[in-house]
Number of protein chains: 2
Amino acid sequence: MYKICLPKNLMYICLMYTSELIKGTLKTIILNLLKERGKMYGYEITQTVKEMTDGKIKITEGALYPTLHSLEKNGDIGFEKEYIGKRVRKYYTLTEQGQKTVLVKVNEFADFIETMKYLLDIQQKPSNA
Amino acid sequence: MYKICLPKNLMYICLMYTSELIKGTLKTIILNLLKERGKMYGYEITQTVKEMTDGKIKITEGALYPTLHSLEKNGDIGFEKEYIGKRVRKYYTLTEQGQKTVLVKVNEFADFIETMKYLLDIQQKPSNA
DNA sequence: ATTTTATACCTAAGAAACTTATGTATAAAA
DNA sequence: TTTTATACATAAGTTTCTTAGGTATAAAAT
């Protein structure tokens with residue numbers, strides 16, 4: 001696992017984040033993806049997040065599947081099986097409860113970001129023009 | 001423990017964050033405070049963070065002290081005991097290594113924020129004029 | 001043709017970082 | 001004199017990951 005991360009004149013360069021940071025945001029990420037894309041299956045979620053973050057966030061399957069099962073047991077998501085040839089996919093969608101949960105969770109994280117930026121005195125990232 | 005957190009027309013209202021979010025940022029918070037304030041003792045850190053975040057982030061002592069011991073064992077911080085009457089305070093300061101660590105950690109968190117904002121499609125918070 | 005890689009699901013042991021509870025002791029306030 | 005605030009600490013338990021393993025199908029590479 002690569003964890004090289006050095007500050008270079010205020011340029012943000014990270015290959016991958018330490019797992020402590022990602023820890024706690026997994027449910028929020030999953031719920032938000034389902035909100036934006038309607039339905040997704042587990043493997044698709046890991047690939048999408050990896051692509052969207054340029055490999056900075058990699059969701060392991062050992063973390064993903066137990067979380068999906070937890071969200072389903074909790075009533076935030078449901079699923080339908082779909083067969084692609086002989087291979088099965090479990091397509092997950094948000095329940096009505098999940099649609100509320102995702103708003104709360106994303107909102108909470110947005111607030112958390114603002115608080116942390118103040119606490120750590122983090123300035124706005126200048127857009128790379 | 002209060003965990004009421006509801007979205008109200010894009011206004012961020014949170015009484016306290018779920019512990020999962022704060023998890024993973026504790027070392028960064030402590031190191032950055034020591035960087036900005038020179039030296040601090042444990043209890044002072046908990047109070048300062050509580051005040052700076054309007055009670056949104058409360059560092060418990062069960063989390064704080066083991067973390068301080070871990071940072072010290074790791075060589076990022078050192079301490080000097082100071083007696084206020086008969087009561088002892090352990091004033092912590094950054095070591096040279098710690099001064100590098102804090103830059104890396106704050107930088108990593110800043111990068112993480114940007115990635116998560118993109119991933120969760122979070123817009124800039126409008127300043128409450 | 002066969003081996004490797006990608007897809008797609010899953011669980012279980014162990015580690016990390018917390019919470020909750022508890023303990024000790026001094027100083028200030030009610 | 002009791003309660004609250006200050007100031008340190010540890011330990012059991014919980015959550016949420018990582019790491020490692022397992023099963024099986026489909027596509028790509030050798």
Nearest to the side chain of B:Arg87 - D:dA7, D:dC8, D:dA26? D:dA7
So if I take every side-chain heavy atom of B:Ala63 and compare against C:dC9, C:dC18, C:dT7, which nucleotide ends up nearest? C:dC18
Atom CG of A:Leu21 and atom P of C:dC18: how far apart are they, to the nearest Å? 11 Å
Give a yes or no answer on whether the side chain of B:Gln97 reaches the backbone of B:Asn74 with a donor-acceptor pair at less than 3.5 Å. yes
Nearest to side-chain heavy atoms of A:Leu26, which nucleotide of D:dA7, D:dC17, C:dT11: D:dC17
Co-membership, hydrophobic cluster, residues A:Ile84 and A:Tyr91, 4.5 Å side-chain: no
Kindly point out which of D:dC8, C:dA6, C:dT19 is positioned nearest to the side chain of A:Tyr43? C:dA6
Counting heavy atoms from C-beta on, name the nucleotide in D:dA9, C:dC18, C:dC9 closest to the side chain of B:Lys90. D:dA9
Indicate, with a heavy-atom threshold strictly under 4.0 Å, whether B:Glu61 touches base, sugar-phosphate, or nothing. base
Which residue, A:Ile84 or A:Leu64, contacts DNA chain D at a nucleotide closer to its 5' end, judged by nearest heavy atom? A:Leu64
Can a side chain N or O of A:Tyr41 be found less than 4.0 Å away from OP1 or OP2 on C:dC9? no
DNA chain C: A:Val88 or A:His69, which has the more 5' nearest nucleotide? A:Val88
Which is more 5' along DNA chain C, the nucleotide nearest B:Ser70 or the one nearest A:Tyr91? Just name the residue. A:Tyr91
In this structure, is the centre-to-centre distance between the rings of A:Tyr92 and A:Phe79 below 6.0 Å? yes
Whole angstroms only, please: what is the NZ-P distance between A:Lys58 and C:dA6? 12 Å
Taking a hydrophobic cluster as the set of Ile, Leu, Val, Met, Phe, Trp and Tyr residues connected by side-chain heavy atoms closer than 4.5 Å, whether directly or through intermediates, do B:Ile113 and A:Tyr118 fall within one such cluster? yes
Ignoring backbone atoms, test whether B:Lys81 places a side-chain nitrogen or oxygen under 4.0 Å from the OP1 or OP2 oxygen of D:dC8. no
Nearest nucleotide by nearest heavy atom, which residue falls closer to the 5' end of DNA chain D, A:Lys86 or A:Thr60? A:Thr60
Please report, rounded to the nearest Å, how far the P atom of C:dG23 is from the OH atom of B:Tyr65. 18 Å
When both hydrogen-bonding distances must be under 3.5 Å and the geometry is Watson-Crick or G-U wobble, what is C:dT26 paired with, if anything? D:dA5
Between A:Glu82 and the options A:Arg87, A:Lys39, A:Arg89, the salt bridge (Lys or Arg N to Asp or Glu O under 4.0 Å) test singles out A:Lys39
Which nucleotide, in any strand shown, forms a Watson-Crick or G-U wobble pair with D:dA12, with both distances under 3.5 Å? C:dT19
